[in-house]
Amino acid sequence: MKQQWRAGNQLYPLPAVMVSVGDDPSNYNIITIAWTGTICSEPAMVYISVRPTRHSHDIIERTGEFVINLTTEELAFATDWCGVKSGREVNKFEQMHLTPEPSSMVKAPAIAEAPISIECKVKQKISLGSHDMYIAEVLCVQADEQYIDPQTGLFDLAKANPICYMHGKYHKVGKEIGQFGFSVKKKKKK
C-alpha cells in the first residue's frame with residue numbers, strides 16, 4: 001500500500017552538476033544544480049532551473065549562456081561547497097582550487113576538472129515559481145580524453161565515478177545493469 005504525500009519533487013536520483021557562468025574572469029561563478037536534464041535530442045537541448053535570488057541567476061540573465069559540468073566523486077566536496085556558498089561573497093574557482101577553462105562556443109568558462117562540460121546558449125526562460133527554468137541549446141561538449149576508451153572511442157563516464165543527488169544527499173552512481181534495448185535484444189544461438 002502506498003502513502004499519499006503532499007505534492008513535491010520525488011523524481012530521483014538527479015545529476016548533481018556544477019554550472020559555470022560569466023563572461024569575464026572578474027565575474028566567473030559556479031552554481032550547483034540538481035534541477036537539470038535533457039529535453040531534446042535534435043537539436044540537443046537541456047534545461048537548468050535556478051532560483052532568482054541566486055547570484056548566478058543575474059549572470060545568466062545578462063549573458064544568456066552557461067556551461068553544465070558533470071561532477072565526480074572526487075569533486076563531491078567542491079560540488080556541495082559551491083551550492084552552499086554565494087559567489088557574491090567568495091570566488092568559488094579560487095576557494096575550491098578549480099580551473100576555469102576557455103569554452104569553445106560560449107564566453108562562460110568550463111571547469112577543467114570536470115569529465116564533461118556542456119556549453120549552452122539560452123533559448124527561453126520560463127518563470128515557474130521558486131525557480132526560473134532556462135531552456136538552452138547545446139552548442140558544444142568538451143570531454144576529458146582520459147575517460148575515452150581507446151578501443152571504442154566512446155566516453156566511459158563510469159570511469160569518472162559520477163555522483164548524483166537524491167533527497168538532500170549525494171550518492172555514487174552504481175554499476176551498469178543493462179544497456180538501451182537489452183530487453184528486446186535477440187539472444188545468440190549456441
Side-chain angles (χ1 to χ4, degrees), residues 9 11-72 75-76 78-83 85-88 91-93 96 98-145 147-148 154-157 160 162-165 170 173:
N9 296 325
L11 188 60
Y12 291 108
L14 298 165
V17 300
M18 290 190 286
V19 174
S20 46
V21 300
D23 56 2
D24 182 83
S26 66
N27 63 32
Y28 286 172
N29 193 41
I30 302 167
I31 181 174
T32 300
I33 293 193
W35 301 159
T36 185
T38 299
I39 55 174
C40 189
S41 299
E42 293 294 328
M45 297 191 71
V46 294
Y47 79 92
I48 61 171
S49 292
V50 182
R51 288 183 184 273
T53 57
R54 300 294 297 264
H55 179 58
S56 291
H57 184 278
D58 294 340
I59 298 170
I60 295 168
E61 283 288 305
R62 185 175 52 75
T63 64
E65 56 186 40
F66 55 86
V67 178
I68 297 174
N69 301 275
L70 298 189
T71 57
T72 65
L75 291 170
T79 301
D80 183 64
W81 195 89
C82 287
K85 295 291 185 177
S86 174
R88 288 183 185 98
N91 182 316
K92 296 179 186 182
F93 278 100
M96 288 293 99
L98 297 171
T99 310
E101 180 174 69
S103 294
S104 298
M105 307 284 289
V106 298
K107 290 181 183 175
I111 298 174
E113 293 77 9
I116 294 274
S117 297
I118 305 165
E119 300 178 24
C120 304
K121 183 76 173 166
V122 174
K123 292 296 182 185
Q124 183 179 0
K125 176 180 102 174
I126 303 172
S127 295
L128 298 169
S130 64
H131 289 70
D132 287 341
M133 180 173 67
Y134 293 98
I135 297 172
E137 184 173 358
V138 174
L139 301 180
C140 181
V141 176
Q142 295 184 37
D144 189 327
E145 291 179 351
Y147 302 112
I148 297 176
L154 299 174
F155 191 85
D156 186 353
L157 187 59
I163 60 173
C164 62
Y165 179 82
Y170 301 97
V173 174

With sequence neighbours excluded, residues passing ring pair (Phe, Tyr, Trp, His ring centres under 6.0 Å) with Tyr47:
none
Not counting sequence neighbours, which residues clear ring pair (Phe, Tyr, Trp, His ring centres under 6.0 Å) with Tyr170? List them please.
Tyr165
For [X], check side-chain hydrogen bond (donor to acceptor under 3.5 Å, both in side chains) against everything at least two apart and list the hits.
{"X": "Asp58", "value": "none"}
{"X": "Glu113", "value": "Thr99"}
{"X": "Ser41", "value": "none"}
{"X": "Tyr28", "value": "none"}

How would you list, by chain and number, every residue that makes a side-chain contact (heavy atoms from CB on, under 4.5 Å) with [X], sequence neighbours excluded?
{"X": "Val122", "value": "Ile60, Phe66, Tyr134"}
{"X": "Arg62", "value": "Asp23, Asn27, Ile59"}
{"X": "Ser56", "value": "Val21, Asn29, Ile31"}
{"X": "Ala114", "value": "Asn69, Ile111, Ser117"}

Report the residues that fulfil salt bridge (charged side-chain N to carboxylate O under 4.0 Å, His left out) with Glu101, sequence neighbours left out, ordered by chain and then residue number.
none
My understanding is that only residues two or more places apart in sequence, or in another chain, count here; which of them pass salt bridge (charged side-chain N to carboxylate O under 4.0 Å, His left out) with Lys123?
Glu137
